[in-house]
Amino acid sequence: MQWLIFWLVYPLLWLISRLPFWLFYKVSDLVYILVYYLVGYRKKTVRFNLKTAFPEKSDAELLKIEKEFYSHMCDMFLEMIKSISISAEELKKRFELPDLDIIHKLAEERRSSLIVMGHYASYEWLTALQFYFDHSGYGIYKRIKNPYFDKLIRDIRGKWNSELINNKEATFIIKKQQRAGKMATYAFIADQSPKTRKNQYCTDFLGQNVPFFTGIERLAIAENMPVLYLAVDKVKRGHYKAIFKVITEEPTSLPEYAITDAFISNLEAQIRNAPQYYLWTHKRFKHAE
C-alpha cells in the first residue's frame, strides 16, 4: 500500500518540480487557498500559538501574520518538491551565504561543528550549505514512516554530497566519526518540543516557560565541538540569505545551559522580527506552565 501511494503521488510531485518558477508559485497560491480557506489546516493550533506568543497584538495584526504564515508555509512545502529537480546553479542563487569566515576558520583548524537552527524561513533548501563546504555535511532528521518517501527525501538531500542521519542514531554516529577523526558539519533543527517536561530544561520562550532538548549542548561539550547558529532570513519569495552566528568555539568553558539559552535567544529574535516565517502549526506551548 505504501508503495502504491508513493507511485501515485510521485509523478505529480515531479511534474510540479519541473515548472518554471513564475508558474510554480502560482501553484503555491492555489495550494494556499486550498489549505487556508477550504481545509483550514491546523488553524486552531496556529491561532492559539500566535495569541499566546503575542498577547499584545491586536486581532487584525494576528490575522495578518496568520495569513502570511500560511502563504509562506505553502511556498516552503512546494520548495521541498522543487528540490527534486532544481539545479545546483539555481539553488545557489536562491539560498545565499554571504559570510563564510567562521566556516573557513574551523576548516583550517580541522574542527567539526554543530549547526543549530529552528523551523524558520527555509530549512528545506539547507542542502545548499554543501556547495560552500569542502568537507562532509550531515542533516539530522526524523525518519518518515513511508519508506519510499523517506528514500526520496534522502536522495534529494544526497544530490550534493550531503547526507541525512536519523535523529535516533545521531549522537552515536557523530561520536563515532569524531573518534575516527573525520571532519564534518552536522545541522540540527533544534526547536522540537519534548514529549514531557520530565528531565528536560525549561526556560522562557516567547513569554512561556517551556521545555527544550539539551542533547546538542551535551554532545558539543562531550566532543568539544563548536556550535553555530544559522540565521536564515527570507529576502523575498523564493530567495533566502543565511548568516552563521557563533554560539561558542569552546563549549567546555561555558556554564550549563548557556548553549541552549543562546540558541533560544537567537531564534526568538528572528521570530519577533518576522513572525510569519516561523512554523506555527506545531504545538509549541503544549507543555507550557
So does [X] have more than 12 non-hydrogen atoms from other groups sitting under 6.0 Å from [atom1]?
X: Lys43; atom1: NZ; result: yes
X: Lys57; atom1: NZ; result: yes
X: Phe77; atom1: CZ; result: no

Does [X] share a hydrophobic cluster with [Y], counting links as ILVMFWY side-chain heavy atoms below 4.5 Å and allowing steps through other members?
X: Phe24; Y: Val235; value: no
X: Val27; Y: Ile81; value: yes
X: Leu30; Y: Leu38; value: no
X: Ile33; Y: Phe69; value: yes
X: Ile243; Y: Ile115; value: no

Check for a donor-acceptor pair, side chain of [X] on one end and backbone N or O of [Y] on the other, with a separation under 3.5 Å.
X: Arg111; Y: Asn224; result: yes
X: Arg94; Y: His239; result: no
X: Ser85; Y: Ser17; result: yes
X: Glu268; Y: Leu206; result: yes
X: Ser112; Y: Ala184; result: yes
X: Glu249; Y: Val246; result: no
X: Asn273; Y: Ala269; result: no
X: Asp101; Y: Ile103; result: no
X: Ser87; Y: Glu90; result: yes
X: Glu61; Y: Ser58; result: yes

- Should Glu223 and Arg179 count as an ion pair when the cut-off is N to O under 4.0 Å? yes
Could you grab the distance from atom [atom1] of [X] to atom [atom2] of [Y], nearest 0.5 Å is fine?
X: Glu169; Y: Ile140; atom1: CD; atom2: CD1; result: 10.0 Å
X: Leu50; Y: Lys64; atom1: CG; atom2: NZ; result: 12.5 Å
X: Asn49; Y: Gln208; atom1: CG; atom2: CD; result: 10.0 Å
X: Gln270; Y: Lys234; atom1: CD; atom2: NZ; result: 14.0 Å
X: Lys142; Y: Ile144; atom1: NZ; atom2: CD1; result: 11.0 Å
X: Tyr186; Y: Ile173; atom1: OH; atom2: CD1; result: 9.0 Å

Quick one: does [X]'s side chain get under 4.5 Å of [Y]'s, heavy atoms only?
X: Phe213; Y: Thr260; result: no
X: Ile165; Y: Tyr141; result: no
X: Gln192; Y: Phe212; result: no
X: Tyr229; Y: Phe244; result: no
X: Ile221; Y: Glu217; result: yes
X: Pro226; Y: Leu106; result: yes
X: Leu279; Y: His282; result: yes
X: Tyr277; Y: Met76; result: no

- Does the side chain of Tyr25 pick up a donor-acceptor pair with the side chain of Glu79 at under 3.5 Å?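 Yes - a donor-acceptor pair under 3.5 Å links their side chains.
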- Item | Cation-pi, Tyr70 ring and Lys67 (6.0 angstrom, 45 degrees) | no
- Message: I want to check a possible cation-pi pair here: Lys26 against Phe21, using under 6.0 Å from ring centre and within 45° of the ring axis as the test.
- Response: no
Closest non-hydrogen atom pair, [X] against [Y]:
X: Ala220; Y: Ile259; answer: CB-CD1, 4.2 Å
X: Asp191; Y: His119; answer: OD1-ND1, 2.7 Å
X: Leu126; Y: Tyr123; answer: CG-O, 3.6 Å
X: Ala242; Y: Phe95; answer: CB-CE2, 3.9 Å
X: Thr281; Y: Arg42; answer: O-NH1, 3.2 Å
X: Gly118; Y: Leu267; answer: CA-CD1, 4.0 Å

- Item | Single hit among Tyr36, Tyr41, Trp280, Tyr32 for side-chain contact (heavy atoms from CB on, under 4.5 Å) with Met73 | Tyr41
- Message: Run the side chain to side chain contact (heavy atoms under 4.5 Å, CB included) test on Leu228 and Ile247 for me, step by step, so that the C-alpha distance in whole Å, both residues' side-chain angles and the decisive distance to 0.1 Å come before the verdict.
- Response: CA-CA 5 Å; Leu228 312 176; Ile247 290 180; over 6 Å; no
- Task: Would you sort out whether Leu230 and Lys245 count as a side chain to side chain contact (heavy atoms under 4.5 Å, CB included), showing the intermediate values?
- Result: CA-CA 6 Å; Leu230 186 65; Lys245 297 183 178 183; over 6 Å; no
- Message: Restricting to salt bridge (Lys or Arg N to Asp or Glu O under 4.0 Å), what partner residues turn up for Lys241, sequence neighbours left out?
- Response: none
- Item | Intermediate values then yes/no, side chain to side chain contact (heavy atoms under 4.5 Å, CB included), Cys202 and Val210 | CA-CA 5 Å; Cys202 297; Val210 296; over 6 Å; no
- Query: Under the side chain to side chain contact (heavy atoms under 4.5 Å, CB included) criterion, do Tyr120 and Ile189 qualify, and how do the steps go?
  - Reply: CA-CA 9 Å; Tyr120 189 88; Ile189 297 178; over 6 Å; no
- Using the benzene-type ring in the case of Trp, are the ring centres of Tyr257 and Tyr201 under 6.0 Å apart? yes
